[in-house]
Protein chains: 2
Amino acid sequence: MKHIAESTVRRLSLYLRFLEEFEAHGHQTISSGELASQGGTTSAQVRKDLSFFGSFGKRGLGYSVNDLSSRLREILGLGRPWKVVIVGAGKIGAALAQYRGFRERGFRIVGIYDVDPQSIGLALDGVTVRDQRDMEADLASLHAEIALLSVPAEVAQPLTDRLVAAGIGAILNFASTPLHVPPHVTLRSVNMALELEILSYALVNRDA
Amino acid sequence: MKHIAESTVRRLSLYLRFLEEFEAHGHQTISSGELASQGGTTSAQVRKDLSFFGSFGKRGLGYSVNDLSSRLREILGLGRPWKVVIVGAGKIGAALAQYRGFRERGFRIVGIYDVDPQSIGLALDGVTVRDQRDMEADLASLHAEIALLSVPAEVAQPLTDRLVAAGIGAILNFASTPLHVPPHVTLRSVNMALELEILSYALVNRDA
DNA sequence: GTTACTTTGTGAAATCATTCACAAGCACCC
DNA sequence: GGGTGCTTGTGAATGATTTCACAAAGTAAC
Ligand SMILES: NC(=O)c1ccc[n+]([C@@H]2O[C@H](COP(=O)([O-])OP(=O)(O)OC[C@H]3O[C@@H](n4cnc5c(N)ncnc54)[C@H](O)[C@@H]3O)[C@@H](O)[C@H]2O)c1
Ligand SMILES: NC(=O)c1ccc[n+]([C@@H]2O[C@H](COP(=O)([O-])OP(=O)(O)OC[C@H]3O[C@@H](n4cnc5c(N)ncnc54)[C@H](O)[C@@H]3O)[C@@H](O)[C@H]2O)c1
C-alpha cells in the first residue's frame with residue numbers, strides 16, 4: 001500500500017476515539033462532518049483520510065459507527081492486545097505503569113525494569129518491578145513488542161540498544177535526548193520540555 | 001514576520017539542545033551539517049529553518065555556538081523565566097512537578113492545584129499543592145503564563161475554561177480529550193495513548 | 001594576493017498534505 | 001418509480017514544506 005502520512009494515522013486514532021463516544025451514546029451512524037467537527041478538522045479531510053484505506057461510508061447517510069470503528073481498530077492494529085514493557089520505574093515510569101488508558105486500548109504492561117534496588121520488587125498496578133539485568137531474558141520469553149523508555153537521558157541510548165538487540169519492535173521514548181535505532185524498529189519520542197518551548201515561542205510571537 | 005511552521009519551531013528547539021551540548025564540550029563553532037546529523041535532518045533544512053529569522057552564520061566557517069544558541073533562546077522566548085502552574089496533582093502531575101528538566105529551561109512551577117484533600121497540602125519539590133478553589137485568586141496575583149493540565153478527562157474542559165477566564169496564555173494538556181480554547185490562548189496536547197496507537201499502526205504495517 | 005577549499009543563504013524545483021468541488025450513490029417520501 | 005436532498009469518494013487545485021543546487025562569502029595556506 002501507498003505510504004500513509006503520520007498526520008493521517010494520528011487523525012484516524014482521534015476519529016476512533018470519537019466513534020467510541022458516539023457508540024456509547026447509542027448513535028448508529030455518523031457523517032464525515034460530525035467526525036470532523038469533533039476533531040477540529042474538515043469533512044473533506046476525514047473522507048480523504050479514510051479513502052486511503054477503502055470506502056466505508058454510504059452516500060447520503062454517512063458511516064456506520066460500529067463498522068467504521070472496527071475497521072479503524074483493524075487498520076491501527078488494535079485488534080490484538082500488545083505487550084508493553086516499561087524501562088525505568090521512576091516518577092514518569094510509575095505514572096505510566098498505573099495509567100489505565102493504556103490497558104483500555106489493549107496495551108498490556110507485562111514487565112517493568114529498573115536498576116535501583118529501592119524500586120526493584122515494588123508492585124505497580126499488579127506488575128512487579130524487576131532488575132534490568134532480567135530484561136533480555138524476559139523479553140525473549142514474553143515477546144513484548146513495545147517498550148516505554150523512561151530512564152535518565154544518559155542511559156537512554158544504551159538501553160535502547162539492548163532493547164533493539166533483544167528484538168523489540170517499537171519504542172516510545174520519554175527521555176529528552178534523540179535516540180538512534182535501526183530502520184526495522186519504530187521510534188517515537190514524547191518530549192515535554194520541547195512542547196513547553198513551542199508554547200514559549202507562541203507566547204512571544206502571539207501577534208507576529 | 002511571516003508565519004513559521006510548527007515543525008520549524010520544534011527543530012529550532014532541538015538545535016538549541018545540541019548547541020548546549022556542544023557548548024559544554026567547549027566547541028566554538030558548528031556547521032549546519034553537524035547540527036543536522038544530531039537532529040536527524042539535513043544541512044539544507046537547518047539553514048532554511050534559521051534563514052526565516054536572519055543570517056547567523058559565517059560562510060566557510062559555520063555558526064558560533066554561543067551566538068547561535070543565544071539567538072535561538074531569544075527566538076524561542078527562553079530569555080525570560082516562565083511561570084507555570086500544574087492543575088491536577090495526581091500521578092502525572094506529581095511527576096511533572098518534580099521534573100528537573102522544566103526548571104533547567106526556565107519554566108518555574110509556581111503553583112499546583114487539586115481537589116483531593118489527600119493531595120492538598122503535600123509539598124512537591126518545594127511547592128505546596130493548593131485547593132483548586134484558590135486557583136483563580138492565585139493566577140490573578142502570580143500572573144502565570146502557562147498551565148499544565150493533568151486532571152481526569154471529564155473535568156479537563158471546565159478547568160480549561162476557568163484557566164482561560166483567569167487569563168492564562170498557554171495550556172499543555174495531558175488529558176486524552178481534545179479541548180477548546182479561544183484563539184488568543186495557545187493549546188497543545190500530549191496524548192500518550194495516541195502515540196502508542198501510532199506505534200501499533202507502524203508495527204502492523206511494517207512492510208507495507 | 002592568489003588559490004584551494006569550505007560552508008552559508010536562498011531562489012527554484014520537487015515533494016507532500018490539505019482543500020476544493022462535483023459527479024455518483026443512496027435514502028426517503030410521495 | 002421518479003424526484004429531492006443529503007453525503008460520500010475522489011481527481012484536480014492549491015498550499016505548505018522539504019530538498020536541490022549553486023553563487024557568494026568566508027577561511028587558510030603559502
Ligand atoms: N518526570 C517527568 O515529568 C518527566 C517529564 C519529561 C521527561 N522526563 C524524562 O523521563 C526520564 C525519567 O524521568 P523521571 O522523572 O521518571 O526520573 P526518575 O529519576 O524518577 O526515574 C528514572 C528511573 O530510571 C532508573 N534507571 C536508571 N538507570 C537505569 C538503567 N540502566 N536501567 C533501568 N532503569 C534505570 C532509575 O533508577 C529511576 O528509577 C528522564 O529522561 C526525564 O528527562 C520526565
Ligand atoms: N498517568 C499517566 O501516565 C498518564 C498518561 C497519559 C495521560 N494521562 C492523563 O493525565 C490525566 C491525569 O492522569 P493521572 O494518571 O495523573 O490521574 P490521577 O487520577 O492520578 O490524577 C488526577 C488528579 O486530578 C485531580 N483532580 C480531579 N478533579 C480536579 C479538579 N476539578 N481540580 C483539580 N484537580 C482535580 C485528582 O484529585 C487527581 O489528583 C488524565 O487525564 C490521564 O488521562 C495520564
Side-chain angles (χ1 to χ4, degrees), chain A residues 1-15 18-19 22 27-72 75 178 198 201-202 205 208, chain B residues 1-15 18-19 22 27-69 71-72 75 198 201-202 205 208:
Chain A
M1 184 194 291
K2 208 178 109 252
H3 176 256
I4 302 296
E6 184 199 303
S7 50
T8 293
V9 178
R10 166 169 259 111
R11 282 190 301 267
L12 292 180
S13 204
L14 278 175
Y15 302 155
F18 302 141
L19 286 167
F22 257 69
H27 292 76
Q28 302 289 310
T29 59
I30 190 172
S31 70
S32 57
E34 290 172 292
L35 220 32
S37 68
Q38 292 285 315
T41 181
T42 66
S43 64
Q45 181 77 81
V46 171
R47 295 197 300 276
K48 181 64 86 179
D49 285 340
L50 297 175
S51 79
F52 294 129
F53 300 94
S55 306
F56 310 128
K58 277 203 171 50
R59 294 174 188 222
L61 190 59
Y63 301 88
S64 152
V65 172
N66 256 274
D67 288 1
L68 185 56
S69 60
S70 61
R71 282 300 281 117
L72 285 181
I75 290 167
I198 298 176
Y201 174 84
N205 295 278
Chain B
M1 182 194 289
K2 207 178 111 253
H3 175 255
I4 302 296
E6 183 199 304
S7 51
T8 293
V9 178
R10 165 169 259 111
R11 283 189 300 266
L12 291 180
S13 202
L14 278 175
Y15 302 156
F18 303 142
L19 285 167
F22 258 68
H27 293 76
Q28 302 289 310
T29 59
I30 190 171
S31 70
S32 57
E34 290 170 293
L35 220 32
S37 70
Q38 292 285 317
T41 181
T42 65
S43 64
Q45 180 78 80
V46 171
R47 295 197 301 276
K48 181 63 87 178
D49 286 339
L50 296 175
S51 78
F52 295 129
F53 300 93
S55 304
F56 310 127
K58 276 202 172 50
R59 294 173 188 223
L61 190 60
Y63 302 87
S64 152
V65 172
N66 256 272
D67 290 0
L68 186 56
S69 60
R71 282 299 282 120
L72 285 181
I75 290 166
I198 298 175
Y201 174 83
N205 296 277

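Quick note: numbers below take in every heavy atom, side chains included, and nothing from hydrogens, waters or symmetry partners. In what follows, chains are A, B, ... by sequence order, proteins preceding strands, each numbered from 1.
With a 4.5 Å cut-off on side-chain heavy atoms, A:Tyr63 and A:Leu19 do not count as touching. Residues B:Phe53 and B:Ile4 form a side-chain contact, since some pair of their non-hydrogen atoms from C-beta on lies under 4.5 Å apart. The shortest distance between side-chain heavy atoms of B:Tyr201 and A:Leu12 does not fall below 4.5 Å.
Judged as a salt bridge (charged side-chain N to carboxylate O under 4.0 Å, His left out), the pairs with a partner in residues 61-71 of chain A (not counting sequence neighbours) are, in order, A:Arg71-A:Glu74.
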Worksheet entry | Reading 5' to 3' through nucleotides 22-30 of chain C, protein heavy-atom contacts under 4.0 Å coded B for base, S for sugar-phosphate only, - for none | -BBBB----
Worksheet, complete the sentence: Expected string for nucleotides 12-18 of chain C under the B/S/- scheme (protein heavy atoms, under 4.0 Å, primed atoms plus P, OP1, OP2 as sugar-phosphate) is B----SS
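In this structure, A:Phe18 has no ring-ring contact (aromatic ring centres under 6.0 Å, His included) partners at least two apart in sequence or on a different chain. Annotation: side chain to side chain donor-acceptor pair (under 3.5 Å) contacts of B:Gln28 (sequence neighbours excluded): none. Partners of A:Leu61 by side-chain contact (heavy atoms from CB on, under 4.5 Å), not counting sequence neighbours, listed by chain and number: A:Thr29, A:Lys58. Under the rule for a side-chain contact (heavy atoms from CB on, under 4.5 Å), the partners of A:Ser7 that lie at least two apart in sequence or sit in another chain are A:Ala5, A:Arg11.
Within a heavy-atom distance below 4.0 Å of DNA chain C, the residues of residues 62-69 of chain B found are B:Gly62, B:Tyr63.
With values rounded to the nearest 0.5 angstrom, A:Ser69 atom OG is found 12.0 Å from A:Phe56 atom CZ. Note that OG1 of A:Thr8 and CG of A:Leu50 are 9.5 Å apart. Values are rounded to the nearest 0.5 Å.
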Fill in: Audit row: B:Val9, B:Ile75, side-chain contact (heavy atoms from CB on, under 4.5 Å) steps and yes/no
CA-CA 9 Å; B:Val9 178; B:Ile75 290 166; over 6 Å; no
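At the heavy-atom level, B:Thr41 lies nowhere under 4.0 Å from the strands shown. A:Ser43 comes within 4.0 angstrom of no nucleic acid atom, judged by non-hydrogen atoms across all strands.
For the helix from C:dG1-D:dC30 to C:dC30-D:dG1, the axis fitted to the five pairs at one end and the axis fitted to the five pairs at the other end meet at an angle of 10° (nearest 10 degrees).
Protein chain B contacts DNA chain D from D:dT17 to D:dG26, reading 5' to 3' and using non-hydrogen atoms of the protein with a distance under 4.0 Å.
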Sequence neighbours excluded and cut-off under 3.5 Å, please list the side-chain donor-acceptor pairs for residues 34-45 of chain A, or say none.
residue: A:Glu34; atom: OE1; partner: A:Ser31; partner atom: N; Å: 2.9
residue: A:Glu34; atom: OE1; partner: A:Ser31; partner atom: OG; Å: 3.3
residue: A:Ser37; atom: OG; partner: A:Glu34; partner atom: O; Å: 3.0
residue: A:Thr42; atom: OG1; partner: A:Gln45; partner atom: N; Å: 3.1
residue: A:Ser43; atom: OG; partner: A:Arg47; partner atom: NH1; Å: 3.3
residue: A:Gln45; atom: NE2; partner: A:Asp49; partner atom: OD1; Å: 3.3

